[in-house]
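These notes are about the structure you will find just below.
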Amino acid sequence: MSPGAVGAAPRVAFGSLEADYAEKRTLIDAAVARVLSSGWFILGEEVARFETEFAAWLDVEHVVACANGTEAIALALLAAGVTPADEVLLPANTCVPTLSGVRLSGARARLCDVDPETLTLDAARAEDALTPAVRFLLPVHLYGGVADLDALRELAARRGLTMIEDCAQSHGASWRGRMTGGFGAAAAFSFYPSKNLGAYGDGGAVATRDPGIAERLRQLRQYGWSRRDHAEREGWNSRLDELQAAILRAKLPALDPENGRRRRIADRYDAAFAGLPVTRLRAREGSIPSRHLYPVRVERRDALREHLASRGVETRIHYPTPLHLQPAYAFLGHRRGDFPVSEAACDSVVSLPIYPALADAQVDAVVSAVADFFGEAA
C-alpha cells in the first residue's frame, strides 16, 4: 500500500491530553500527592509559588491566580477601574468567553472588526470604532498570534484608554522580545486543559506590573477581603485551588520546549502549504506566535474537513460564529455585514492538529492528506 493510501496513515487526533499526562505522570502525581498530604487545598503555598514562578516566567511584577480565564478578564477590568458606564472595545472575531468576561465585569461591549491577514485587532480599525464611552481596549492574542501592540499602546496613550490583554491563547508568544502579558495595565490568562500551559481542570490568572491593581485583584478574587471576614469592596469567589496550582507548577518548566515543538510543526505546515490554495495567517513583524492553534483559511472548508476525517485527521473550527451574530448578544444590535472580515474568517477558517505530542509521522499524515485534497503530491 502506498504512503498516501487510505488506511496507511496514523490517526491524528486534534489534541492528546492523555499523552501530555503520560509524559509528565511522575511529576504530576508527585505534585498532587504533595497537596493531598498537606491538608491545605485553597489559596495556600502552591498558589503563592505558582504566582511567583509564572510572574518570573512572564517577566512581570505580579500574577494573581483565579478560577478561570473568563473571570480573569472580568477581574482585570474591575481591578483596572471599569464601571457599568464604560465600553470595552474588543474584536468581533474571538471566542465567546472574551465577551462573557466583559459582561461579567458589568461593562458594555463595543465590537470591532479585525485585520484580514492576522485576524487580530489592529489600531486603525480600533480607532475607527471608538465612541466617547470607550475607556478600555481588549486585544485578543488569538490562536497564539499577537495583536497590534505597539500601535494599540500608542492609541491608548493618545486617547486616554486602558489596555487589558487577553492572553488565553498566547502563553509564550512574544512581541519585540517580550512575552505577551506585560504590555497593558493587566493581562488575563486561561489555564483550561487544552491551553499551552493547561491545568487538569479550570484555572486562570491576571498578570500586571501595577501593585495597586494586584492588591485589588487579591481582594476581588476572595469576597473583597483585605483580611479574613473583612470586606473592603464587593468581591467574588474566584480562587485557583492548590491542586491545579501544583499541576501548573509541575508543567511550567516544560512550556518553553513544548512551544518550540509547536513552532517546528507550524514551520513544517507553512512550508508544505506554501504552494497550495490555503491562506495561512500572517505573524506580525516583530512577533513570535505561541502556535496555540494552527488555523488556515480555505474556500471548500466542509469538503476539506470531510476529506481529512476520512484520512483519520481530526480538525476543529475556531470559531464558526462571530460574536455579533451569536444569539445571546443580539441586544448589541448588529447584523450580518457589520464586520465583514470577521464573518469571512468564521466562514473559511479551519484548525489543523498542533500540539507537542504530535509525532513527525502524524504531521506528515496531515500534510499528505491536505495535499491530496488539492490534488498535489505529498
Side-chain angles (χ1 to χ4, degrees), residues 53-63 69 72-73 76 80 89-91 93-94 98 112-127 130 136-190 195-197 205-211 213-214 252-253 255-267 269-270 280-295 354:
E53 292 161 6
F54 194 53
W57 186 79
L58 291 171
D59 193 23
V60 300
E61 284 73 11
H62 307 280
V63 164
I73 292 171
L89 186 72
L90 69 153
N93 179 52
T94 186
T98 305
C112 174
D113 217 347
V114 293
D115 170 61
E117 294 186 334
T118 67
L119 300 184
T120 60
L121 192 64
D122 70 274
R125 285 177 172 80
E127 185 158 24
L130 292 180
F136 288 81
L137 297 179
L138 182 58
V140 180
H141 302 308
L142 198 64
Y143 319 123
V146 181
D148 193 9
L149 284 174
D150 284 352
L152 287 168
R153 292 177 79 194
E154 188 278 331
L155 172 63
R158 178 162 45 85
R159 300 293 292 267
L161 309 174
T162 299
M163 189 169 78
I164 305 293
E165 296 173 77
D166 182 343
C167 296
Q169 299 185 2
S170 69
H171 307 172
S174 65
W175 178 253
R176 314 239 184 257
R178 291 170 49 197
M179 296 280 195
T180 57
F183 291 91
F189 286 84
S190 168
K195 303 301 185 186
N196 289 34
L197 179 62
V206 180
T208 183
R209 301 185 185 280
D210 187 320
I213 288 178
L252 181 58
L255 183 52
D256 283 332
E258 288 183 344
N259 280 346
R261 172 61 179 165
R262 289 175 180 270
R263 291 177 182 125
R264 289 191 295 275
I265 294 170
D267 289 345
Y269 286 159
D270 284 348
R280 293 164 290 134
L281 300 188
R282 179 180 64 86
R284 294 184 187 276
E285 184 179 354
S287 73
I288 299 177
S290 70
R291 297 297 191 176
H292 173 61
L293 296 169
Y294 189 89
I354 184 167

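Keep in mind the model is a prediction, meaning the values are calculated, not measured. Residue numbers count from 1 along this sequence.
Taking all atoms of both residues into account, the shortest heavy-atom contact from C112 to L121 is SG-CD1, 3.6 Å. Between A76 and I164, the closest heavy-atom pair is CB-CG2, 3.9 Å. Of all heavy-atom pairs between A147 and V140, the closest is CB-O, 4.3 Å. Contact detail for W175 and S287: the closest heavy-atom pair is CE3-CB, 3.6 Å. Residue G181 comes nearest to V60 through the heavy atom pair O-CG1, 4.0 Å, listed as atom of the first residue, atom of the second, then distance. Contact between P116 and R125 at its shortest, heavy atoms only, is CD-NH2, 3.5 Å.
Contact check for D148 versus R284: side-chain heavy atoms found under the 4.5 Å cut-off. In this structure, the side chains of T98 and L138 come closer than 4.5 Å at one or more pairs of heavy atoms. At a threshold of 4.5 Å between non-hydrogen side-chain atoms, the residues I265 and R291 do not count as touching. The shortest distance between side-chain heavy atoms of L142 and V114 does not fall below 4.5 Å. Between R280 and D270 there is a side-chain heavy-atom pair separated by less than 4.5 Å. The side-chain heavy atoms of H62 and P211, taken from C-beta on, include a pair separated by under 4.5 Å.
Legend: residues meeting ring-ring contact (aromatic ring centres under 6.0 Å, His included) with H141, ordered by chain and number and at least two apart, are absent. Under the salt bridge (Lys or Arg N to Asp or Glu O under 4.0 Å) criterion, R209 pairs with E61, not counting sequence neighbours. For the side chain to side chain donor-acceptor pair (under 3.5 Å) test, residues two or more places apart in sequence or in another chain that qualify with N259 are N196. Applying the ring-ring contact (aromatic ring centres under 6.0 Å, His included) criterion to F54, with sequence neighbours excluded, gives F50, W57, F189, F191. By the side chain to side chain donor-acceptor pair (under 3.5 Å) test, S174 pairs with no residue at all, sequence neighbours left out. Remark: D210 pairs with no residue by the side chain to side chain donor-acceptor pair (under 3.5 Å) rule, at least two apart or across chains. For R263, the side chain to side chain donor-acceptor pair (under 3.5 Å) test picks out no residue, with sequence neighbours left out. For A56, there are no side chain to side chain contact (heavy atoms under 4.5 Å, CB included) partners two or more places apart in sequence or in a different chain. Residues passing the side chain to side chain contact (heavy atoms under 4.5 Å, CB included) test with S190, sequence neighbours excluded: A168, Y192, K195. Under the rule for a side chain to side chain contact (heavy atoms under 4.5 Å, CB included), P253 has no partner lying at least two apart in sequence or in another chain. Among residues two or more places apart in sequence or in another chain, the side chain to side chain contact (heavy atoms under 4.5 Å, CB included) test is passed with E53 by R49, R249, L252.
Residue I288 places its CD1 atom among 12 or fewer non-hydrogen atoms of other residues, nucleotides or ligands, all under 6.0 Å distant.
Here CG of N93 is found 8.0 Å from CG of D113. Values are rounded to the nearest 0.5 Å. Atoms CG and CG, from L155 and D122 in turn, are 10.5 Å apart once rounded to the nearest 0.5 Å. Between T120 atom OG1 and L152 atom CG the span is 8.5 Å, to the nearest 0.5 Å.
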Does the side-chain contact (heavy atoms from CB on, under 4.5 Å) test come out yes or no for Y143 and T118, once each step is laid out?
-> CA-CA 10 Å; Y143 319 123; T118 67; over 6 Å; no
Full working for side-chain contact (heavy atoms from CB on, under 4.5 Å) between L161 and L130 = CA-CA 10 Å; L161 309 174; L130 292 180; 3.9 Å; yes
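The stretch residues 170-189 participates, sequence neighbours left out, in these salt bridge (Lys or Arg N to Asp or Glu O under 4.0 Å) pairs: D150-R176.
Without hydrogens or angle criteria, R262 side chain to S290 main chain gives no donor-acceptor distance under 3.5 Å. Distance alone, capped at 3.5 Å, places no donor-acceptor pair between the E117 side chain and the R282 backbone.
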